[in-house]
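Okay, structure first, notes after.
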Amino acid sequence: MIPPKPAARPEKTSLINYLRLFRKDILSAQPAKLYRAWMAEFKTPFFRSFLVNQPDLVKRVLNERPMDFPKSNRIAEGLRPLLGNSVFLTNGDTWRRQRRIIDPAFEGGRLKDTFPAMLAAGQDVVARLGAIEGAFDVEPHTSHVAADVIFRTLFSIPITDETATAVFSEFQAHQRAQPILNFAAFVPLPKWVPRFHSRETKRTARVIRGLITQLTTARMAQIAAGTAPDDLATKIMTTADPQTGQRFDTGEMVDQVAIFFLAGHETSASALAWALWLLAANPDVADRVAGEGAALGDAPAFSDLSKLRYTKDVFRETLRLYPPVPMMVREAACPEQFRDREVPKGSQIVLSPWHLQRHERFWDDPDVFDPDRFKTDNGKQCLRDAFIPFSGGPRVCTGAGFAMVEGPLILALIARAFHIRTVAGATPVPVAHLTVRAQNGIWIRLDKRDAMAGAEA
Ligand code: HEM
């Protein structure tokens, strides 16, 4: 089955038209040839941009020499009011030090500790969905459960907590004012053009940071008193950098919490919403996922996740077709040679999970939804060469392992509880704003499954 894919723009277009299309949606602004090209160059009077699909070039940028391809300040500018000096924006020694403190909290072994919180959030969303009648847009619900997971795992509080609810709603307002994947990041203006943050961006950033400061300050006090719960916040705030012995102070921790929340909930929410629609459109696949979900039983343990093999492939296939972060931008810190092209210092390098993961030269039937593909030789090869939904190399998403537990678990819990149906006339059209979302939401309908039938499967 071929799920929705945005129409490509005509091969030839003027710069003005390109910028206009780009501002509307970065996916449909691109020509179809990017699904076949090894690399593409985009030249304007202000900047040069290179989109790379060739696996060895992608690996050079992400894995082999990431320090020569830092994140550009332009991306940071838009996000600075909210994220300050967070690990998502920093480069060089500051970034290295931050990852040394953060990474241990997300190590494989620690994931087990976050499982009960994820399960509780998953059970709550199943209950909320059970109360809905008729067709509805599932995106707000996946945002809600993903935010719930972050609050429960980070601060041991559910989304119903007053501060958590306030942070969540202010974040939604902030994202409307200042998307993470913003236009300015991709279309760098000359340095002399002044940049402004809207009053709304500054206001929401101030409110969110104020609320997060309350949470982190209270946690610092609990740590000092020896009464802190054993969650991600405590782990990160008590981890000393092995090289300097220093820990995050409250200010630096606020920056990190802001990015965990932003990077961790919008992305998972987008993937879950698309996965649910794909299940709705593929009832056979949904039944297999429901069967694995039923096998989890009433009180699953972390070790039961090994029963979700197929569900994991469904989630992976969703991340391939609808990567929540569709494109990433870097800057060439020194002159480079890519294929037969000179890449001048300062050029913008675009890595596109969206194009790479639907690339016609790599994937068999690239636009087809087929979770079984990862068992084939082609699928296995492509996982190594053409699959980067979490980026790659040292700057890989810190939450990748976390997301690969959270996503399949919640998907299985929902699929075992409901038959998921598409809604006639409401096929979602992917567009990229903050993450890959649908133009008018992702509409589905749910009918409760017969509990016994689920258990038998
Ligand atoms: C399906 C879910 C997710 C997807 C697809 C995803 C994707 C990504 C991608 C592509 C990047 C690299 C961006 C770039 O380099 O420009 C990234 C970075 C990051 N992600 Fe995720 N992410 C997900 C979930 C999470 C979660 C759950 C967390 C935390 C709880 C998280 C925390 C981060 C952080 C802190 C970074 C910055 C890493 C650095 O720059 O060193 N992400 N993510």
Side-chain angles (χ1 to χ4, degrees), residues 58 61-63 66-67 69-72 74-76 79 83 85-92 94-103 105-106 110-111 114 117-118 121 142-143 145-155 180-182 185-186 231-233 235-236 255-275 312 315-316 318-331 348-354 356-357 387-411 432 434-436:
V58 174
V61 173
L62 292 179
N63 302 67
M67 296 307 146
F69 299 96
K71 288 211 167 176
S72 83
R74 291 185 205 101
I75 301 184
L79 298 168
L83 300 183
N85 215 15
S86 98
V87 67
F88 194 80
L89 302 180
T90 50
N91 283 311
T94 309
W95 169 80
R96 273 197 204 91
R97 183 177 61 79
Q98 292 174 336
R99 288 286 301 230
R100 286 197 297 270
I101 297 177
I102 291 168
D103 284 356
F106 289 92
R110 294 279 309 179
L111 278 179
T114 58
M118 288 181 184
T142 56
S143 273
V145 63
D148 197 14
V149 167
I150 294 288
F151 277 113
R152 286 177 192 257
T153 52
L154 206 56
F155 281 111
I180 195 170
L181 191 75
N182 58 350
F186 279 91
D231 52 21
L232 289 177
K235 173 72 183 159
I236 294 169
D255 295 345
Q256 313 312 330
V257 172
I259 188 58
F260 294 147
F261 193 81
L262 188 65
H265 100 276
E266 271 297 301
T267 45
S268 290
S270 154
L272 267 174
W274 281 106
K312 220 168 173 177
F315 196 69
R316 211 174 258 142
T318 308
L319 291 175
R320 182 183 75 81
L321 287 169
Y322 301 102
V325 179
M327 293 183 204
M328 296 176 273
V329 188
R330 298 289 189 268
E331 195 168 291
Q348 191 181 51
I349 312 299
V350 178
L351 305 156
S352 175
W354 181 274
L356 196 61
Q357 295 174 181
F387 186 73
I388 51 166
F390 296 107
S391 183
R395 230 183 157 145
V396 68
C397 170
T398 31
F402 182 102
M404 286 307 296
V405 171
E406 173 193 13
L409 174 66
I410 294 176
L411 203 56
L434 169 66
T435 46
V436 172

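All ligand and atom numbering here is 1-based and tracks the order in the structure. Values in this document were obtained by computation on a predicted structure and should not be read as measured data. Positions are given from 1, in the same order as the sequence printed here.
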Are Gln98 and Thr90 close enough that a side-chain donor and a side-chain acceptor fall under 3.5 Å?
->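 Judged by distance alone, the side chains do pair up.
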If we ignore angles and hydrogens, is there a donor and acceptor under 3.5 Å between the side chains of Gln256 and Ser86?
->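 Per modelled atom types, Gln256 and Ser86 side chains form no pair under 3.5 Å.
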Once you restrict to heavy atoms under 4.0 Å, what part of [X] touches ligand 1? Side chain, backbone, both or neither.
X	result
Arg99	side chain
Val325	side chain
Ala403	side chain

Contact check: Glu406 vs ligand 1, nitrogen or oxygen atoms, below 3.5 angstrom =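 Between Glu406 and ligand 1 (N or O atoms, distance only) the closest approach is not under 3.5 Å.
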Arg330 to ligand 1: N or O pair under 3.5 Å?
->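 For ligand 1, there is an N or O atom that lies under 3.5 Å from one belonging to Arg330.
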Under 4.0 Å from any heavy atom of [X], which atoms of ligand 1 are there?
X	result
Phe402	27 (C)
Phe106	30 (C)
Gly264	25 (C), 26 (C), 27 (C), 28 (C)
Met328	10 (C), 12 (C), 13 (C), 14 (C), 15 (O), 16 (O)
Trp95	39 (C), 40 (O), 41 (O)
Thr398	32 (C), 33 (C), 34 (C), 35 (C), 36 (C)
Ser268	2 (C)
Pro389	5 (C), 7 (C), 10 (C)

Result of checking Thr267, Thr318, Val145 against Leu272 for side-chain contact (heavy atoms from CB on, under 4.5 Å) |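 Testing Leu272 for a side-chain contact (heavy atoms from CB on, under 4.5 Å) against Thr267, Thr318, Val145 leaves exactly one candidate, Val145.
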Would you say Lys71 touches ligand 1, if touching means a heavy atom closer than 4.0 Å?
->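 The answer is yes: ligand 1 sits under 4.0 Å from a heavy atom of Lys71.
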What do you reckon, does Ile150 put a non-hydrogen atom under 4.0 Å from ligand 1?
->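 Judged by the 4.0 Å heavy-atom criterion, Ile150 does count as contacting ligand 1.
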Which protein non-hydrogen atom lies closest to atom 12 (C) of ligand 1, naming both residue and atom, and how far is it?
->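 Its nearest protein heavy-atom neighbour is Ser391 CB, 3.7 Å.
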Could you pull out the closest heavy-atom pair between Met327 and Pro353, with the gap in Å?
->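 Closest pair (atom of Met327, atom of Pro353, distance): CA-CD, 3.8 Å.
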Is the NZ or CZ atom of Lys235 positioned over Phe106's six-membered ring, under 6.0 angstrom from the centre and within 45° of the axis?
->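 No, cation not above the ring by the 6.0 Å, 45° rule.
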Apply the test side-chain hydrogen bond (donor to acceptor under 3.5 Å, both in side chains) to residues Arg395 and Asn63: give CA-CA distance (whole Å), side-chain angles for both, the deciding distance (0.1 Å), then the verdict.
-> CA-CA 8 Å; Arg395 230 183 157 145; Asn63 302 67; over 6 Å; no
